[in-house]
Protein chains: 2
Amino acid sequence: MSDADSSVARERVIESMEQSAEVYGLSRSSGRIYGVLYFASDPLSIPELVDETGYAKSTVSNVTRTLSRIGLIHRKSSTGGGRRVRFEAEREVWFILQDVFQQYIQREVQTTLRTIHRAEEQVATETREQERIRELRETYEDLEEIVQLASEYSAAELREALETYER
Amino acid sequence: MSDADSSVARERVIESMEQSAEVYGLSRSSGRIYGVLYFASDPLSIPELVDETGYAKSTVSNVTRTLSRIGLIHRKSSTGGGRRVRFEAEREVWFILQDVFQQYIQREVQTTLRTIHRAEEQVATETREQERIRELRETYEDLEEIVQLASEYSAAELREALETYER
DNA sequence: TGGTTTGTTCGGATTGAGCCGAACAAGCAG
DNA sequence: CTGCTTGTTCGGCTCAATCCGAACAAACCA
């Protein structure tokens with residue numbers, strides 16, 4: 001219940017975020033920087049992030065750029081105050097997961113489907129290859145629709161949709 | 001429509017699989033070896049895979065081991081015939097995706113949740129950290145349930161569940 | 001204007017993953 | 001028993017990613 005306990009708990013969660021970042025194909029530094037921002041009460045500048053994380057200024061600069069691009073954190077260019085750029089974490093984790101989904105899975109599914117379609121056009125006769133490709137296409141078409149729909153729902157809605165579904 | 005066209009189409013799809021493998025955190029060689037097995041009419045041995053893919057014997061050995069472990073291909077230890085081990089692709093792509101989901105996402109979600117629970121126990125009083133951690137926990141609990149349910153449905157069922165859901 | 005703070009960009013060191021070839025183990029065939 | 005095929009394991013090479021420090025650019029302050 002003390003501040004020390006709080007910061008230990010915070011540190012544990014941030015370490016977990018470092019690990020999650022790796023699972024999702026990001027660097028450990030991304031996980032830590034996001035974690036520090038997640039718990040920060042105000043947006044932080046790059047020098048502040050350097051203090052908090054121990055990473056070099058250049059690392060923080062690069063990581064914040066990519067995290068901003070992906071939408072995990074938001075860049076607030078405060079034209080007014082002393083510091084120039086400050087970063088804030090996107091705390092709606094579900095949004096983040098949706099973004100990752102869209103950027104990774106959906107794109108992958110779509111490019112694969114495009115390849116499959118082109119391959120199918122090329123092979124007119126019914127060979128074994130053709131059949132295999134068709135099977136692949138059918139699964140991917142389901143998958144495309146699933147990903148599309150899932151990205152439109154909130155976590156609670158998605159959960160409910162699955163829980164109330166009767167086969 | 002000729003054999004040449006077929007094999008070009010096959011090659012295209014296999015290249016696409018190489019790329020997909022990278023997206024899912026596997027090596028390109030994994031994608032190619034899976035692809036060759038996906039289109040093969042019979043299970044293939046390691047020397048045959050060496051011929052088909054051009055990779056070294058050791059590479060094929062290592063990759064087939066990991067792919068078997070994940071469930072992307074199946075090891076058929078034919079005690080009878082001349083060749084000893086042969087591999088067959090799991091062609092139900094949806095099963096594969098479910099496996100990947102289970103192994104990557106579900107495990108990640110569960111370990112994160114465990115960390116969060118422990119962190120919450122430690123911090124009794126309502127600090128800002130505590131609140132942030134609680135928000136995180138709620139999203140992850142939804143997510144855990146979603147992943148759990150999704151892994152029990154077929155692609156078609158899942159698609160239907162989402163399509164018929166009325167908010 | 002000169003100095004300080006902030007942020008970006010560049011080159012380089014370190015590390016890990018992927019792949020290879022060679023050595024080794026284990027069956028089968030003669 | 002001696003080769004021949006198959007599969008695994010080991011050490012090493014290469015390449016890419018990560019991170020660092022230094023140099024640079026840009027804005028603010030005195």
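Quick caveat: nothing in here was measured; it's all calculated off a predicted structure. Per chain, numbering begins at 1; letters A, B, ... match sequence-line order.
You'll find the side chain of Leu162(A) reaches within 4.5 Å of the side chain of Tyr153(B), heavy atoms only.
Between Ile46(A) atom CD1 and dC19(D) atom P there is a gap of 15 Å when expressed in whole angstrom units. What separates CD of Glu48(A) from C1' of dT5(C) is a distance of 13 Å, to the nearest Å. Between the OH atom of Tyr55(A) and the C1' atom of dA17(D) there is a distance of 13 Å, given to the nearest Å. Look at CZ on Arg65(A): it is 13 Å from P on dT18(D), rounded to the nearest Å. In this entry the distance linking CZ of Arg86(B) with P of dG7(D) reads 10 Å, nearest Å. Rounded to whole angstrom, the span from the CG atom of Asn62(B) across to the P atom of dC20(C) amounts to 11 Å. Rounded to an integer number of Å, the gap from CD1 of Ile73(B) to C1' of dG7(D) is 14 Å.
Between Glu160(A) and Tyr165(B), the side chains place a donor N or O and an acceptor N or O closer than 3.5 Å (distance only, hydrogens not considered). Side-chain contact, Ser27(A) with Ser30(A): a donor N or O sits under 3.5 Å from an acceptor N or O. Between the side chains of Glu144(B) and Gln148(B), no donor N or O sits under 3.5 Å from an acceptor N or O. Looking at Thr112(A) and Glu108(A), their side chains do bring a donor and an acceptor atom within 3.5 Å of each other.
For Lys57(B), counting side-chain heavy atoms from C-beta on, the closest listed nucleotide (dC20(C), dG7(C), dT6(D)) is dT6(D). Comparing atom distances between the Pro47(A) side chain and each of dC20(D), dT6(C), dT6(D) picks out dT6(C) as nearest. Distance from the side chain of Ser58(B) is smallest for dG21(C) among the nucleotides dC19(C), dG21(C), dC20(D).
Look at Arg84(B) and you won't find any side-chain N or O under 4.0 angstrom from OP1 or OP2 of dC4(D). The phosphate of dC20(C) (OP1 or OP2) has a side-chain N or O of Thr59(B) nearer than 4.0 angstrom. Within the 4.0 Å cut-off from OP1 or OP2 of dG7(D), not a single side-chain nitrogen or oxygen of Ser61(B) is found.
Using a 4.0 Å cut-off on heavy atoms, the residues of residues 17-39 of chain B that approach DNA chain C are Ser27(B), Ser29(B), listed by number.
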Self-check item: Pairing annotation in dot-bracket form, given for DNA chain D with Watson-Crick or G-U pairs under 3.5 Å and | for cross-strand partners
Solution: ||||||||||||||||||||||||||||||

Quiz item: Would Ser29(B) and Thr53(B) count as a side-chain contact (heavy atoms from CB on, under 4.5 Å) if you check the C-alpha gap in whole Å, the side-chain angles of each, and the deciding distance to 0.1 Å?
Solution: CA-CA 8 Å; Ser29(B) 53; Thr53(B) 63; over 6 Å; no

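Counting heavy atoms of neighbouring residues, nucleotides and ligands inside a 6.0 Å radius, atom CZ of Arg107(B) does not exceed 12 of them. Under a cut-off of 6.0 angstrom, the local environment of CZ in Phe95(A) is sparse, with at most 12 non-hydrogen atoms contributed by other residues, nucleotides or ligands.
A pairwise comparison of heavy atoms in Phe39(B) and Glu129(A) identifies CE2-O, 3.9 Å as the closest pair.
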